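Below: one structure, written as structure tokens.
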Amino acid sequence: MHAAGVMHKRNEGVEPRMSEYVRALFQAYYRQVGVDALVPKDLTRREFGFIIPGKKGMVRHQAFLDPKDYKGFLVQNSPAHAYHSATLYNSPWKDRMDQKDYTGCDLIFDIDCDHIETPCKRDHDTWICKGCGGQGAGKAPEKCPKCGGNKFEDRSWLCDVCLDKAKTETRKLIDDFLVKDFGLPADSMEIYFSGQRGYHVHLERDAFRKMGADARREMADYITATGLSISTIGFLPMTKGIRGFTTADPGWAGKIARGLLEAISGMDAGRAISVPPKELELLRANKDVLKKRLLENDINWSLAGIGPGIWGHIIERLIEDLKCAIDVPVTIDVHRLIRAPATLHGKTGFVNCKLTRQQLDAFDPFTDAVVFKGNAEKIKTSSDVPRFRIEDRTYGPYKKDETDTVSIGAAVFLLCRNLCEVVA
Ligand SMILES: [Zn+2]
Ligand SMILES: [Zn+2]
């Protein structure tokens, strides 16, 4: 079983280190937080897993009949990470999966910066080869260019650009796919900030819980435009011209037409659209006639100079922008652990936040998920630290062995990443 949101961190299996400073703060948080915020729906039917400082691997197969016991466990153990199963079982405490008695599984969508390309990753992400100590910027390669090894310490960072992009994708998932295409009411889904690099959307109604892996896969493929063929959905080069889509078409056909209309309307407003220069020139030359046809739901997409090949390139780029970067394995796997509500994330000290669709718009993870506020702490960095922000203050970048006076939230953030010590 994998835990969503951490499964890509190759070093997650090792015994976590947690400073006494952080541990005491985590414990204080769990003492004061309300039970209701912590408890997921159908508590008693879920398996829980925890990463606990000083204990190897994940403490799994935990189950709680009483919300107070669950809170008590969190206070006593102050876990670095707390997860519960998306799956509902009759016997969640049994330690063999085949004895837990599966009864259904929430449908989960995970949007994580790990799966989204942002230009800033080249500046703030680094990796270190565990074989030879070689280092590089950006995402770790498949194979170390120096020694050929494939084990790396991933030092992926999080910044406003990355998290804004994750939020944009989450809004796209909810508004364009779940609400518009699938017709789900916005209040039928639970939205969470994970506490580190992304957002989760949970669908917990019975109809979703009963979905099999194939149905989940089909939904994930639709959202990620996997295997999408424009000719199959009706884009046809005919002898007399090109038959395109209308904005009223269902599914991807309508999405592409609406995306095109928005893109060419944006041209008038000076907004950039992501098609290659040659295609852009052709679109610009034809934009008024194309806009008129799209507004009139005219399927005729024959335009001077734009043959089926050029259309193919344009539509491909539109699809790139319209599809949503969910982490597909999380959605299709019915045996997955997911970060527990209102628990603290051991790599940031941020709290997992439940959000309404409206709250999502204004949500600022670097302020709203910061639990430990105020006071100044003197810290000394133990490694180079990229620039980061906590609340309204930006810190760093720091070199190794620099000292600074920072807020508790910033100290916790760096301590959670093993990047500093608190000095007297
Ligand atoms: Zn190497
Ligand atoms: Zn970034």
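Just follow the structure's listing: the first ligand is 1, and inside any ligand the first atom is 1. Since this is a predicted model, take the numbers as computed values, not measurements.
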Relative to the ring of F50, is the ring of F48 parallel (under 30°), tilted (30 to 60°) or perpendicular (over 60°)?
parallel
Looking at CD of Q359 and SG of C353, how far apart are the two atoms once the value is rounded to the nearest 0.5 Å?
9.5 Å
Should the ring pair Y192 and H202 be called parallel, tilted or perpendicular, given that the plane angle runs from 0 to 90° and is split at 30 and 60?
tilted
Short N-O contact, E262 and R258, less than 4.0 angstrom:
no
For the pair W252 and Y222, name the ring-plane relationship: parallel under 30°, tilted 30 to 60°, perpendicular over 60°.
tilted
At distances under 2.8 Å, what protein N, O or S atoms surround the Zn ion (ligand 1)?
C129 SG, C132 SG, C144 SG, C147 SG
If I take every N, O or S atom of C113, is at least one of them less than 2.8 Å from the Zn ion (ligand 2)?
no
Distance-only polar pair, side chains of S407 and R393, donor-acceptor under 3.5 Å:
no
